[in-house]
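Working notes for the structure below.
Naming convention: chains lettered A, B, ... in sequence-line order (proteins, then strands); numbering from 1 in each chain.
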There are 2 protein chains.
Amino acid sequence: MTAPTDQTAAKAGQTLISVDAMGGDQGPAIVVAGCALSAKVNPDITLILHGDESVLAPLVAKRRELQGRCEIRHAADVVTMDDKPSQVVRTGKDTSMWSAIESVRTHEAAVAVSCGNTGALMALSMIRLKKLPGVNRPAIAVLYPSSNPQGFNVILDVGADVRADAEDLMRYALMGASYARNGMDLKRPRVGLLNVGTEEHKGRAELKEAFDLIRGQSDDAGYDFVGFVEGVDVSGTRADVIVTDGFTGNVAIKTGEGTASMIGARLREAFKYSPLSRLASLLAYTSLQRLSKKIDPRRVNGGVFLGLNGTVVKSHGSADAMGVSAAIKLAAQLSANRFNDKIATRVAVVLPGEEKSE
Amino acid sequence: MTAPTDQTAAKAGQTLISVDAMGGDQGPAIVVAGCALSAKVNPDITLILHGDESVLAPLVAKRRELQGRCEIRHAADVVTMDDKPSQVVRTGKDTSMWSAIESVRTHEAAVAVSCGNTGALMALSMIRLKKLPGVNRPAIAVLYPSSNPQGFNVILDVGADVRADAEDLMRYALMGASYARNGMDLKRPRVGLLNVGTEEHKGRAELKEAFDLIRGQSDDAGYDFVGFVEGVDVSGTRADVIVTDGFTGNVAIKTGEGTASMIGARLREAFKYSPLSRLASLLAYTSLQRLSKKIDPRRVNGGVFLGLNGTVVKSHGSADAMGVSAAIKLAAQLSANRFNDKIATRVAVVLPGEEKSE
């Protein structure tokens, strides 16, 4: 049996996105509002909203933009932020998250979006969608605010697995470059391998091996390998894609997020310090608000699970309607670019003897 | 032969600091200015300045605070920022950095301070001072800006070694807690072990082992073990001491530093955006300057090498006189507290059969 291509169920020219409408701290009203925002600016998307029909139907009915472009698929149960991933995998069949992933598994939609519990979403995605041929460890990729023209760098893995060997890191480079090309429109992304220094002799043994493997793939895979990069380059301009293991990546982005929060808090204090600085904060209010949207790593949406049979976009649990809309926009772009088929082809190619998946 | 106690050569009640006066991007004038600042506010310190006498003598002569409290020890050569550590170890005998460490090796001073090349300073310190009994891997500890009352958290290791096993991590906890107690006046520091989640089942195998070892030492070593912490806690309030391997620690703090720089740059842009925001930046200038001094990780001084026979304080290469003075203040405090003797006792105690060093 040949696998159907992406978006089988979508109308011609339409991109169908599967949305877990119940996940997230903000509740379904915010998710539906985000869907409406997205539908308004993008006439090519249609949506399946998974969740409690009695809750979702009135919310959808209020949104003119969603009429005729949004199917509600009933799921009685919800995965909460406290649910254990192992538990959800065993007993979560009736949840909106399970149902949203199921639409990707059956190739009805190419991409699923959820604001829910990350651990449960990863576990369900792994078990239901299964790994792509040639992928040993899937990865979570996030967009991190950077000084590059596109405003973000792709960092992966940030926590799908705490280990990664040289071959895994090489596949992260392939998948990350593909993500940067299809999600950020970068024709020839620059890939860097995260290390404690930029000299070739530095770091752990598996990193030196990964260095050679990643360099070896750069021509075929259409990226520039800039070699080892350091923590400062995560938000810097030396690379567009930062490759690392999930332990280091997770700690690094959370340290960056914590630092940004701390600076934000101190900045607010500083502006309250004197009458002059209070006046200053009023004058600069708009500029500061714009800035905080641009550079706060917590506001960036769209962590993406890579290396599975289908793409899953994780939006922040605390995302507002704009955040949900950004995640759906990313999902639509990846889906329209047939992103997952491209990754499948790419990672299969580097495994001699593996059957290509497209 | 019994080892002489710290500060043999200092006058009674005086703390003698050995200073590499030639290292750093800013040149010896800044180092001498920093020494003078420090001498002015702390009547108990005396200094040995290592470096080119013909350069240092006129600089010292201009500083009233240093008269009679500062010996110049001639060293003709300088370690540059580009020198390879391996090269410095072989041929660096005549450098000011070597000479500064030599004063610690001979127990003339308890602590050395340098703004020079970190790699060379670590390599020289390791080879000349040697590891304390019971220490397999020395560590570099830094103070990272945090929301805790003391304003900083201790993070170690941030790059002395790219590996650390469970026993190493336990010794980092002992040394880090001692540093927090003696360098930041925290009576009972809270120690956290850096991981990708706070649940006990998460993370790599060696971390679970380290978790038990660190918890097991907490009563004897006088710290509270708060368990696993995450990247956000590096600048947060859950712990005072963050324990991790040198690879993860190095990437984490550099990611945080990069993020802080990016935010600073964008903030300056935001304040130039409109006439109103330009006016705002003028009004808030003092508050913002004060803030940037407090929270920019690059401005924090005093990375400390732990686990050697003697303490070495690494001040930032780009430090100004205030930065150098802060590093000397830290060195004086650690020296006055007989910090290294305490660490030696502590790490020796956990090794059954090892001879205690005090």
Under 3.5 Å, which donor-acceptor pairs link side chains of residues 118-127 of chain B to any protein atom two or more places apart or in another chain?
from, atom 1, to, atom 2, distance (Å)
B:Ser125, OG, B:Leu121, O, 2.6

Answer key: most heavy-atom pairs under 4.5 Å with chain B among A:Gly159, A:Ala265, A:Ala252, A:Gly231 is A:Gly231
Applying a strict 4.5 Å limit to non-hydrogen atoms, the region of A:Asp245 in contact with chain B is side chain
State whether a side-chain donor-acceptor pair under 3.5 Å links A:Tyr144 with B:Thr255.
no
Residues two or more places apart in sequence or in another chain: which of them pass ring pair (Phe, Tyr, Trp, His ring centres under 6.0 Å) with A:Phe225?
A:Phe211
Take A:Phe247 and B:Leu194 through the test side-chain contact (heavy atoms from CB on, under 4.5 Å) and record every step on the way to the result.
CA-CA 10 Å; A:Phe247 186 90; B:Leu194 194 55; 5.7 Å; no
What's the spacing between A:Asn250 CG and B:Glu230 CD if we round to 0.5 Å?
6.5 Å
Where does B:Val251 contact chain A at under 4.5 Å (heavy atoms): side chain, backbone, both or neither?
both
I'd like to know if B:Arg204 and A:Asp161 make a salt bridge, using a cut-off of under 4.0 Å between side-chain N and carboxylate O.
no
What part of A:Leu207 lies closer than 4.5 angstrom to a heavy atom of chain B: side chain, backbone, both or neither?
side chain
How long is the straight-line distance from CE of A:Met262 back to OG1 of B:Thr237, given to the nearest 0.5 Å?
12.0 Å
What are the two closest non-hydrogen atoms of A:Ala260 and B:Thr259, and how far apart are they?
CB-CG2, 4.3 Å
Given B:Val162 and A:Val196, is the side-chain contact (heavy atoms from CB on, under 4.5 Å) satisfied, shown in steps?
CA-CA 8 Å; B:Val162 293; A:Val196 294; 3.8 Å; yes
Just by distance, do the side chain of A:Ser235 and the backbone of B:Gly258 share a donor-acceptor pair under 3.5 Å?
yes
